[in-house]
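Down below is the structure, laid out as structure tokens.
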Amino acid sequence: MPNTTHNKAAFIKDLLVWFAQSHRPLPWKDTQDAYIIWLSEIILQQTRVEQGLPYFERFRANYPTVKHLADAPEDEVMRMWEGLGYYSRARNLHATAKLIAYELNGEFPDTFENIRALKGVGDYTAAAIASFAYDLPHAVVDGNVYRVLSRYFGIATPIDTTAGKKQFRALADELLHSKDPATYNQAIMDFGATHCKPKQALCKTCLMQKNCAAFAKKKVYDLPVKSKKLKKITRYFHYLVINEGQDVWLKKRGPGDIWQNLYDFGLIEAPATLTTDELQKTEGWSALFKNTNVDIKSISRPFLQTLTHRKIVAVFIEMNIQKSFQPPDASYIKASRNQLDQYAFPRILNDYLNDNTLELFS
DNA sequence: AACCCGGGGGT
DNA sequence: ACCCCAGGGTT
């Protein structure tokens, strides 16, 4: 690794100059309310600012204090999070709000260690809250920081390894402007997000260009380095849309799989898409409809959803049932078909429910 | 260390 | 089709 001692002071100086001229106003930057800062940081995990912004405004308006959030019903919180993804964030947010409101006397933790101990708060989020809410000297290391530092200092260590994380963490700690850690943290993330972008980096107009190792070696788009590639597995879902008069049976999803605490329908998963004949021979089918007569109305086209490391293929089998359905466990609930907006669904269910070419629940 | 957890937007 | 996003948790 090249000796970068000289460049470190220039990096900090130029970064703060850039920030003073070019930072973007964000609605969670006008406060030092730790609750509001925490809320914004959880929403922004693996989420673009533009995507998270309306969710932030909605949460802040509905839950202006941590107690409002703590006292909200879980289904309501999940519904407000619907569509944002990574739903463990919403579950941890709600659990942590209860903890703060009722175990910590409504007072948000004010040390790095105590913030870091909260559910859903890792190294990045703890450093962000500690610096933004309390001016504590902790450097953030997020995707922006990896990109900016790897390029400027020409570091090709893969960022998704233990050694890489350690190296970038150490550099970030060295660079932290301890007099004003909040401004420094905000500056490096803003710079990465709007100037030193993954693609179409604005090198041409960059005042850091003169000292940027990647620019000098024409390696801007080779950094940062990631070593791991993920494999995508396809899963085949067969959703059983069980209608009983004006009601339809929903199922609350449990732990150990995607979409925990969201709602869907009775589900039979198979290694491939099955015909209705094949479906009725599965164990899942007989377990669900032991002594019940089922009248299959129709089977939908395949709906597709791509997740980070899964591809979901789902077909929806609409059926009427004569006698009352006997659910095998308490995760099944009967819901009125015109009150489905009370439930948070995965995107692929909303795609199905909102497909006007289908005749649902006829 | 490897894997899991979403959905949107850009290229 | 692939990458990235103000990452964190579990095994």
Side-chain angles (χ1 to χ4, degrees), chain A residues 23-24 26-29 37-56 78 81-93 95-96 115-132 138-148 158-166 169 172 182 184-194 196-201 221-233 235 253 255-262 304-312 344-351:
Chain A
H23 72 276
R24 47 180 177 175
L26 296 169
W28 45 86
K29 300 312 297 185
I37 292 167
W38 165 66
L39 174 63
S40 74
E41 292 298 343
I42 301 299
I43 288 174
L44 290 170
Q45 287 169 0
Q46 289 292 287
T47 304
R48 290 170 194 278
V49 165
E50 313 83 66
Q51 186 188 0
L53 221 154
Y55 286 85
F56 170 77
M78 297 308 292
W81 199 274
E82 182 185 33
L84 196 55
Y86 285 142
Y87 296 93
S88 67
R89 292 185 291 172
R91 298 191 300 270
N92 288 333
L93 187 80
T96 298
I115 297 167
R116 177 67 177 79
L118 300 173
K119 280 184 186 173
V121 174
D123 288 336
Y124 161 76
T125 305
I129 297 171
S131 64
F132 295 147
H138 294 270
V140 294
V141 182
D142 73 336
N144 294 305
V145 174
Y146 282 124
R147 186 169 55 257
V148 171
I159 62 173
D160 53 356
T161 61
T162 305
K165 287 178 175 40
K166 194 174 167 187
R169 154 68 50 200
Y184 169 81
N185 279 339
Q186 188 59 45
I188 192 167
M189 289 195 289
D190 244 14
F191 179 69
T194 67
C196 193
K197 298 187 282 189
K199 291 158 187 176
Q200 299 196 352
Y221 296 111
D222 296 325
L223 295 169
V225 174
K226 287 189 180 176
S227 62
K228 299 175 178 61
K229 49 195 164 203
L230 54 85
K231 46 181 178 183
K232 196 157 290 188
I233 296 171
R235 297 176 68 178
R253 294 187 60 84
D257 203 351
I258 58 174
W259 302 325
Q260 188 182 333
N261 289 15
L262 273 63
L304 307 179
Q305 181 175 10
T306 303
L307 284 64
T308 301
H309 57 295
R310 290 287 183 275
K311 184 168 150 186
I312 309 291
F345 298 119
R347 193 210 140 113
I348 199 167
L349 257 79
N350 279 322
D351 286 350

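Per chain, numbering begins at 1; letters A, B, ... match sequence-line order.
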Nearest whole Å is fine: how far is [N] [atom2] from [X] [atom1]?
X      : N      : atom1 : atom2 : result
A:L307 : C:dC4  : CG    : P     : 18 Å
A:Q305 : B:dC5  : CD    : C1'   : 12 Å
A:I43  : B:dG6  : CD1   : C1'   : 15 Å
A:K199 : B:dG10 : NZ    : C1'   : 7 Å
A:L304 : B:dG8  : CG    : P     : 15 Å
A:I159 : C:dC3  : CD1   : P     : 13 Å
A:R91  : B:dG6  : CZ    : C1'   : 12 Å
A:D222 : C:dC3  : CG    : C1'   : 15 Å

Subject >> B:dG8 versus C:dG9 - spacing of their C1' atoms, nearest Å >> reply: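 Those two atoms are separated by 23 Å.
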Original post:
Taking the C1' atom of each, how far is B:dG6 from C:dC3, in whole Å?
Top reply: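 It works out to 15 Å between them.
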Treating [X] as the side-chain partner and [Y] as the backbone partner, does any N or O pair qualify as donor plus acceptor under 3.5 Å?
X      : Y      : result
A:R147 : A:G192 : yes
A:Y146 : A:P158 : no
A:Y87  : A:I258 : no
A:N144 : A:F191 : no

Hey, could you give me the [atom1]/[atom2] distance between [X] and [Y], rounded to the nearest 0.5 Å?
X     : Y     : atom1 : atom2 : value
A:I42 : A:T47 : CD1   : OG1   : 10.5 Å
A:Y55 : A:E82 : OH    : CD    : 7.5 Å
A:R89 : A:E41 : CZ    : CD    : 11.5 Å

Original post:
Starting at the 5' end of DNA chain B, which residue's closest nucleotide do you reach first, A:G85 or A:Q200?
Top reply: A:G85
Subject >> Options B:dA2, B:dG6, C:dC5, nucleotide nearest the side-chain atoms of A:K228 >> reply: B:dA2
**OP:** For residues A:V145 and A:I188, report the shortest heavy-atom separation together with the two atoms involved.
**Re:** CG2-CG2, 3.9 Å
**OP:** Check whether the side chain of A:Q51 and the base of B:dG7 form a donor-acceptor pair under 3.5 Å.
**Re:**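 Present.
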**OP:** Only stems of 3 or more consecutive Watson-Crick or G-U pairs count here, both distances under 3.5 Å; name the ones for DNA chain B, or none.
**Re:**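 If one scans DNA chain B for consecutive Watson-Crick or G-U pairs, the stems found are B:1-5 with C:7-11, B:7-11 with C:1-5.
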Subject >> Beyond-backbone contact of A:R91 with A:M78, side-chain heavy atoms, under 4.5 angstrom >> reply: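 When only atoms from C-beta onward are counted, A:M78 and A:R91 do touch, with a gap below 4.5 Å.
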Any side-chain N or O of [X] below 4.0 angstrom from OP1/OP2 of [N]?
X      : N     : result
A:H309 : B:dC5 : yes
A:W81  : B:dG7 : no
A:R310 : B:dG6 : no

**OP:** Answer yes when A:R235 and A:D257 have at least one side-chain N-carboxylate O distance shorter than 4.0 Å, and no when they do not.
**Re:**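 Here A:R235 pairs with A:D257 in a salt bridge, since their nearest N and O are under 4.0 Å apart.
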Original post:
Quick one: what's the B/S/- string for nucleotides 6-11 of chain C, heavy-atom cutoff under 4.0 Å, read 5' to 3'?
Top reply: BBSS--
Original post:
Reckon A:I258 touches a base, only the sugar-phosphate, or nothing at all at heavy-atom distances under 4.0 Å?
Top reply: sugar-phosphate
